[in-house]
Amino acid sequence: MVEKPVHILYFAWLRERVGVAEETVVLPDEVRCVGDLISWLQRRGDGYARAFADTAPVRCAVNQTFADFSAAVAPGDEVAFFPPVTGG
Amino acid sequence: MVEKPVHILYFAWLRERVGVAEETVVLPDEVRCVGDLISWLQRRGDGYARAFADTAPVRCAVNQTFADFSAAVAPGDEVAFFPPVTGG
Amino acid sequence: MARVAVQEATFDVSKEIAGLYAGRGDIGGIGCFVGIVREYAEGRRLEAMTLEHYPAMTHTAIARIAAEAEQRWNLLGCTVIHRVGRLRPGEPIVLVLAAAAHRVAALEATAFLIDWLKTKAPFWKKETYADGGEAWVEARASDEASALRWVKQSQAEPTAG
Amino acid sequence: MARVAVQEATFDVSKEIAGLYAGRGDIGGIGCFVGIVREYAEGRRLEAMTLEHYPAMTHTAIARIAAEAEQRWNLLGCTVIHRVGRLRPGEPIVLVLAAAAHRVAALEATAFLIDWLKTKAPFWKKETYADGGEAWVEARASDEASALRWVKQSQAEPTAG
């Protein structure tokens with residue numbers, strides 16, 4: 001089994017529901033993409049379950065680039081979760 | 001015969017060709033519209049003839065409002081002649 | 001009611017913008033355009049650009065254009081400052097500001113105002129070149145076309161609505 | 001190369017504009033947009049608007065949007081300043097500047113930049129109301145539609161040309 005340390009960031013109401021702004025987690029080998037990561041997070045606790053209860057309004061970036069849930073997650077990656085942006 | 005004093009202004013190259021920026025003229029009664037006034041001015045001297053040799057690029061305003069050559073000219077009016085505007 | 005000024009002096013964009021939104025909370029965006037005298041005109045280097053205008057008409061003509069924009073886009077503020085006299089390359093020549101609740105109105109009104117200023121306000125530009133020559137700037141067909149987009153849009157509205 | 005800043009402090013529009021055209025003669029116009037925090041959001045009075053962002057990504061995301069605008073409209077200068085932190089109603093929140101040889105490019109690029117900032121830059125707004133409540137601002141379909149006009153235009157170009 002390969003250890004897969006990944007840095008995760010949460011913004012806006014995802015951050016508020018999860019309860020932390022960022023964390024580094026070691027993922028099991030079967031977590032291969034962002035979608036897998038979300039499924040894994042949903043089982044990580046109540047806050048996570050609430051944050052990811054509905055993934056329709058969840059967006060993500062892998063290594064600071066907007067990505068789909070099908071995007072691969074590799075050891076050392078930075079994955080960020082957030083709602084649709086509302087700046088400007 | 002009615003005396004028809006009219007104040008005329010010239011701008012840009014029309015002013016340069018006519019040689020004056022403004023003047024008050026008393027027009028004969030048969031000058032009824034801007035077009036008539038131009039015909040009258042064309043016979044007023046060399047500068048005027050050059051200024052109004054080609055009327056295609058000549059625009060006018062009567063009492064500070066853009067007007068056609070068919071616009072009426074009445075005693076006391078202010079008539080301005082100028083090329084197409086180029087501000088902004 | 002728009003703020004309209006025709007002046008030889010330059011203008012302070014920050015001050016003009018602050019004047020529009022200071023003390024009020026209904027403005028969401030301000031569109032702005034600053035026109036600047038360019039150094040080259042069709043390859044000839046400019047020494048200066050001189051702006052002549054029709055004083056008795058200029059202010060009224062600009063106010064009419066601004067009133068049209070204010071009404072069409074529900075503007076919450078509008079400023080037009082046009083300089084006259086002799087300007088050097090690199091100097092600002094015109095400022096247009098349009099304030100609205102939302103950005104689309106603010107930016108569309110800004111474009112409308114500068115398009116209409118170029119075709120409906122009594123200003124004439126004379127270029128003085130570094131080689132000593134000079135020439136009156138000719139009106140450009142593209143400016144006329146830019147202004148016409150707003151007329152078409154206006155005429156199309158009753159049909160579309 | 002655009003000037004991009006993400007900061008808590010406010011900005012000086014005059015200074016930013018002067019920084020774009022000072023000492024050069026090729027710029028004919030500068031388009032500008034200033035976004036301002038409005039006092040009411042759907043009828044509720046705002047106490048404050050708090051902007052959160054993704055620091056490691058924000059600068060790069062804005063720089064990418066600006067580079068796209070610079071290339072598409074041949075910009076001669078581009079500035080984007082976005083504020084973060086807690087802002088009060090009536091405070092400026094974002095500044096976009098686009099400098100070009102001609103006004104159409106400057107104003108189109110300005111509209112493009114603010115549309116894309118609203119849909120492609122990692123900022124999130126939280127409203128705190130005077131009545132004590134608070135809520136994260138939801139993305140608006142109209143912003144998505146505004147941004148999409150530029151995509152469509154871009155895709156249409158090869159066909160049209």
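Each chain gets a letter, A, B and so on, in the order the sequences are listed, and its residues count up from 1.
- Neither the backbone nor the side chain of C:T60 has a heavy atom closer than 4.5 Å to any heavy atom of chain B.
- Closest heavy-atom contact between C:V137 and B:T86: O-CG2, 3.3 Å.
- In this structure, the portions of C:A56 lying under 4.5 Å from any heavy atom of chain B include both its backbone and its side chain.
- Here the closest non-hydrogen pair linking C:Y54 and B:A80 is CE2-CB, 3.4 Å.
- Between chain C and the options B:V85, B:N63, B:L9, the largest number of non-hydrogen pairs under 4.5 Å is found for B:V85.
- Within the 4.5 Å cutoff, side-chain heavy atoms of B:F66 are placed close to those of C:M57.
- Heavy atoms of C:K125 lying under 4.5 Å from chain B belong to its backbone as well as its side chain.
- Proximity to chain C is absent for every atom of B:R59, based on heavy atoms less than 4.5 angstrom apart.
- Closest approach of B:P83 to C:W124, counting heavy atoms only: O-NE1, 2.8 Å.
- For C:S146, there are no side chain to side chain donor-acceptor pair (under 3.5 Å) partners two or more places apart in sequence or in a different chain.
- C:D131 CG: more than 12 foreign heavy atoms inside a 6.0 Å radius.
- For the pair C:E52 and B:F82, the minimum side-chain heavy-atom distance is 4.5 Å or more.
- If you measure heavy-atom distances from C:E138 to chain B, the contacts under 4.5 Å come from the backbone alone.
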